[in-house]
Trainee: 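Here it is, the structure, as structure tokens.
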Amino acid sequence: MRVLSGVQPSGTPHIGNYFGMMKPALELQQQGEAFLFIADYHALTTSPEPSALRERTIELAVDFLACGLNPDKTVFFRQSDVPQVTELTWILNNITTVGLLERAHSYKDKVAKGFIPNNGLFSYPVLMASDILIYQSNIVPVGRDQKQHLEITRDLAVRFNNTYGDIFTIPEGFIQESVAVVPGTDGQKMSKSYNNIIPIFDKEKAIRKTIMNVVTDCKGLEDPKDPDSCNVVALYKLMATPEQLEEMRAKYRAGNYGYGHAKQALFEVLWDYFAPMRKRREELLNNLDFVHAVLRKGAARAREEADKTMELVRRAVGLR
Ligand code: ADP
Ligand code: TRP
């Protein structure tokens, strides 16, 4: 049973990324050999600065390791360390109709926003299919926004197998519906593009300031408050123990407990929750050789699997 997922290196992780993606991905380590990669080829579709791409890739590796990725359990690697996926992408391109790609929501959304698409963005789902199929993955946990890409992957796998013989495992998407959408400081979905994030690894003062800016209604200190409609409580809930949460809810209902108090409690629980990860991150930043070694080892293991599949694929399509 192979579980595989990929993450784009898109900048400082925030607590929405942590609870929505990193934590669930790390929980997969318990289920057998998991493959997790940093999708740097995919990141190229939005033309990042070369130095920014390089830095974000290593930062993401550091952050995953700091948050508990165990390299003995998870094959952790950089997508571009397995260039075989680009070869498979080329081969799959030839069984992919343009119409199928033109129907991809994420592509259409970007174009609708005025983004001038390059061919890499258009072909993004084919590269993603290659990522999944080259490692003969069974289960692919992804966010809701990736559901259609998973369907395209299955479609291509079936089409390839029907044309050339049974080469690919048909993967199943695992859409984590239970993962709640983490609200940002303004109450919308937390997202870098909305400027409403709480980063997990910022300086103490900066995080405190961000939390003090979380939007609430304007009830006064004495007023009883509704815990169920408050952003501060929604965020607190992610990190507090059930007892701490109950205590806060009771204080809300009783009154004489201001939003400033609640925000202070939120800051404290967040600071404590990420303390061990912060410590580990500092250690890793001082030992980047270790981080590079983890990625190298993961890449070697991933290439082994990719080579096996590619030998079958090349033969099947007549390249050997
Ligand atoms: P951003 O919206 O900040 O650019 P990304 O799109 O890079 O974040 O998201 C990376 C991963 O984190 C995705 O798997 C996504 O589903 C998850 N994620 C991002 N924001 C949230 C959120 N507010 N709540 C839950 N999960 C989130
Ligand atoms: N497209 C995914 C995202 O933006 C990242 C990704 C690339 C991926 N290749 C993958 C996820 C293969 C799962 C499997 O979130």
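Start at 1 and go down the list; that is how both ligands and their atoms are numbered.
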Trainee: So if I count the atoms of ligand 2 from 1 in the order they appear, which ones are less than 4.0 Å from some heavy atom of Phe37?
Mentor: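 This gives 9 (N), 10 (C), 12 (C) as the contact atoms.
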Trainee: Applying side-chain contact (heavy atoms from CB on, under 4.5 Å), can you list everything that pairs with Asp217, at least two apart in sequence or on another chain?
Mentor: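 If we apply the side-chain contact (heavy atoms from CB on, under 4.5 Å) test to Asp217, skipping adjacent residues, the hits are Lys219, Tyr259.
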Trainee: Got the closest protein heavy atom to atom 1 (N) of ligand 2, with its distance?
Mentor: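 Result: Tyr124 OH, 2.7 Å.
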Trainee: At under 4.0 Å between heavy atoms, which part of Gln79 makes contact with ligand 2: side chain, backbone, both or neither?
Mentor: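 No part of Gln79 comes within reach of ligand 2.
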Trainee: Can you tell which of Met21, His14, Met22 makes a side-chain contact (heavy atoms from CB on, under 4.5 Å) with Tyr18?
Mentor: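 For Tyr18, the side-chain contact (heavy atoms from CB on, under 4.5 Å) check succeeds only for Met22.
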Trainee: Near Gln8, which atoms of ligand 2 are under 4.0 Å from a heavy atom of that residue?
Mentor: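 Heavy-atom distances to Gln8 below 4.0 Å select 4 (O).
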Trainee: Assess, by modelled atom type and distance only, whether the side chains of Ser80 and Asp40 contain a donor and an acceptor separated by less than 3.5 Å.
Mentor: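 Result is yes, a qualifying pair exists.
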Trainee: Give a yes or no on whether the backbone of Leu221 and the side-chain of Lys225 come within a donor-acceptor separation of less than 3.5 Å.
Mentor: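 Confirmed, Lys225 side chain pairs with Leu221 backbone.
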Trainee: Does either side chain, that of Gln264 or that of Arg208, offer a donor lying less than 3.5 Å from an acceptor on the other one?
Mentor: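 Side-chain D/A pair, Gln264 to Arg208: present.
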Trainee: Could you list the atoms of ligand 2 found under 4.0 angstrom from a heavy atom of Ile132?
Mentor: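 Ligand 2 atoms under the 4.0 Å threshold to Ile132: 12 (C), 14 (C).
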Trainee: Can you name the atoms of ligand 2, numbered from 1 with element, that are less than 4.0 Å from a heavy atom of Val140?
Mentor: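 With Val140 as reference, the close atoms of ligand 2 come out as 13 (C), 14 (C).
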Trainee: Taking non-hydrogen atoms only, is Val142 closer than 4.0 angstrom to ligand 2 via side chain, backbone, both or neither?
Mentor: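 Only the side chain of Val142 comes within reach of ligand 2.
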Trainee: Only heavy atoms of Leu4, strictly under 4.0 Å: list the atoms of ligand 2 that pass.
Mentor: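 Those atoms are 14 (C).
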Trainee: In the protein, which heavy atom is nearest to atom 9 (N) of ligand 2, and how far is it?
Mentor: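 Its nearest protein heavy-atom neighbour is Asp131 OD2, 2.8 Å.
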Trainee: Less than 3.5 Å apart, any donor N or O on the side chain of Ser229 or Asp226 sitting next to an acceptor on the other?
Mentor: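 Checked: Ser229/Asp226 side chains pair up, N/O donor to acceptor below 3.5 Å.
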Trainee: I'd like the residue list for ligand 1, meaning every protein residue with a non-hydrogen atom under 4.0 Å from the ligand.
Mentor: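 Residues within 4.0 Å of ligand 1: Ser10, His14, Gly16, Asn17, Gly20, Met21, Ala180, Val181, Val182, Lys189, Met190, Ser191, Lys192.
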Trainee: State which residue, out of Lys110, His149, Gln148, Lys147, fulfils the side-chain contact (heavy atoms from CB on, under 4.5 Å) condition with His105.
Mentor: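 Running side-chain contact (heavy atoms from CB on, under 4.5 Å) over Lys110, His149, Gln148, Lys147 with His105 returns exactly one hit, Gln148.
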Trainee: Are any of the N/O atoms in Ser5 less than 3.5 Å from those in ligand 2?
Mentor: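 For ligand 2, there is no N or O atom that lies under 3.5 Å from one belonging to Ser5.
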Trainee: Assess the side chains of Glu172 and Asn138: does a donor N or O sit below 3.5 Å from an acceptor N or O?
Mentor: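 Absent: no donor and acceptor within the cut-off.
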Trainee: When you compare the side chains of Asp307 and Gln84, does any donor N or O come within less than 3.5 Å of an acceptor on the partner?
Mentor: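 On atom types as modelled, these side chains qualify, holding a pair under 3.5 Å.
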Trainee: Taking the side chain as every heavy atom from C-beta outward, state whether Tyr107 and Pro117 have any atom pair closer than 4.5 Å.
Mentor: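 Result yes, sub-4.5 Å side-chain heavy-atom pair found.
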Trainee: Which ILVMFWY residues can you reach from Ile170 by hopping between side chains whose heavy atoms are under 4.5 Å apart?
Mentor: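 Other cluster members: Val158.
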Trainee: Residues in salt bridge (Lys or Arg N to Asp or Glu O under 4.0 Å) with Lys251, at least two apart?
Mentor: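 If we apply the salt bridge (Lys or Arg N to Asp or Glu O under 4.0 Å) test to Lys251, skipping adjacent residues, the hits are Glu247.
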Trainee: Identify, for atom 5 (C) of ligand 2, the protein heavy atom at the shortest distance, and state residue, atom and that distance.
Mentor: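 Its nearest protein heavy-atom neighbour is Gly6 O, 3.5 Å.
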Trainee: Taking only heavy atoms of His42 into account, list the atoms of ligand 2 that are under 4.0 Å away from them.
Mentor: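 Heavy-atom distances to His42 below 4.0 Å select 7 (C), 9 (N).
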